[in-house]
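Here's the structure, in structure tokens; my notes come after.
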Amino acid sequence: MKRLGILLSGRGSNFEAIAGNVAAGRLDAEIAVVISNRPEARGLETARALGLKAVCLPSKGMEREAYDRLVVAELKANQVDLVCLAGFMRLLSAYFVRQFPGRILNIHPALLPSFPGLDAQHQALEHGVKVTGCTVHFVDENLDSGPIVAQATVPVLDDDTADSLATRILQQEHRIYSEAIRLVLSGNFRIEGRRVLAR
Ligand code: GAR
């Protein structure tokens, strides 16, 4: 059974969706460890309530690579096959990325390469796009970069606020993250340049 390591910083609804699919047998994997850089993250509580291994590694005040060494050590101690960033609000160091080549996924609440970084839903609203969405991609050393595994579109409605838009995007995030994990774990893909294609 493939082992997932989940990294989060807050609410953890993407993690919950993944855990739900694992529990229901819709995702053939197990969650080996859930790690948060913030002690107050609700996702940590959820992980404990689900009987999963939950580890808090506070990042505050730590230099990036020193911190990443702690996280990588924890992931390796738990024999993680695939690292899933689920609302983990930190850029990974080159060191981290090199430890898990092609084995780190992230979800972002916009259609990358549009609106990388923070507050993507707000950025989309401000820019006036009529369609936005979410993206699951492999992680490289740059922000919200790396080959795209899955995307879903969400229309922007005239009366949307950043919150209402975020809520609808989140529904799609919960769906496509598990689909992307399933594809990556199956190994039935190849990467040509930036393109992730069916094998
Ligand atoms: C999600 O919308 C995720 O796409 C976003 O944070 C939220 C986390 O929600 N991630 C980023 O913006 C990363 N740049 P969750 O904790 O409920 O899964």
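When a ligand or atom number is given, it counts from 1 through the structure's own listing order. Just the heavy atoms: all of them, side chains too, but no hydrogens, waters or symmetry mates, feed the values below.
- The shortest N or O to N or O distance between Asn14 and ligand 1 is under 3.5 Å.
- Atom 15 (P) of ligand 1 has its closest protein heavy atom at Ser13 N, 3.4 Å.
- At a threshold of 4.0 Å, the pair Asp28-Arg182 does not count as salt-bridged, since none of the basic side-chain nitrogens sits closer than that to a carboxylate oxygen.
- For Phe189, the ring-ring contact (aromatic ring centres under 6.0 Å, His included) partners at least two apart in sequence or on another chain are Phe138.
- Protein heavy atom at the shortest distance from atom 14 (N) of ligand 1 is His108 ND1, 3.4 Å.
- Side-chain contact check for Arg168 and Gln171: no donor-acceptor pair (N or O, by modelled atom type) lies under 3.5 Å.
- Shortest contact from atom 8 (C) of ligand 1 to any protein heavy atom: Gly87 CA, 3.7 Å.
- In Leu85, neither the side chain nor the backbone holds a heavy atom less than 4.0 Å from any atom of ligand 1.
- Looking at atom 7 (C) of ligand 1, its nearest protein heavy atom turns out to be Arg11 NH2, 4.2 Å.
- Considering backbone and side-chain atoms alike, Gly12 places an N or O below 3.5 Å from some N or O of ligand 1.
- Residue contacts with ligand 1 include Met89, since one of its heavy atoms falls under 4.0 Å from the ligand.
- Annotation: atom 11 (C) of ligand 1 to nearest protein heavy atom, Pro109 CD, 3.6 Å.
- Counting only heavy atoms of the protein, atom 1 (C) of ligand 1 lies nearest to Glu173 OE1, 3.2 Å.
- Salt bridge status for Arg190 with Glu192: present, with a side-chain N to carboxylate O gap under 4.0 Å.
- Under a 4.0 angstrom heavy-atom cut-off, Leu170 registers as being in contact with ligand 1.
- For Ser114, there are no side chain to side chain contact (heavy atoms under 4.5 Å, CB included) partners at least two apart in sequence or on another chain.
- The side-chain heavy atoms of Thr161 and Ser164, taken from C-beta on, include a pair separated by under 4.5 Å.
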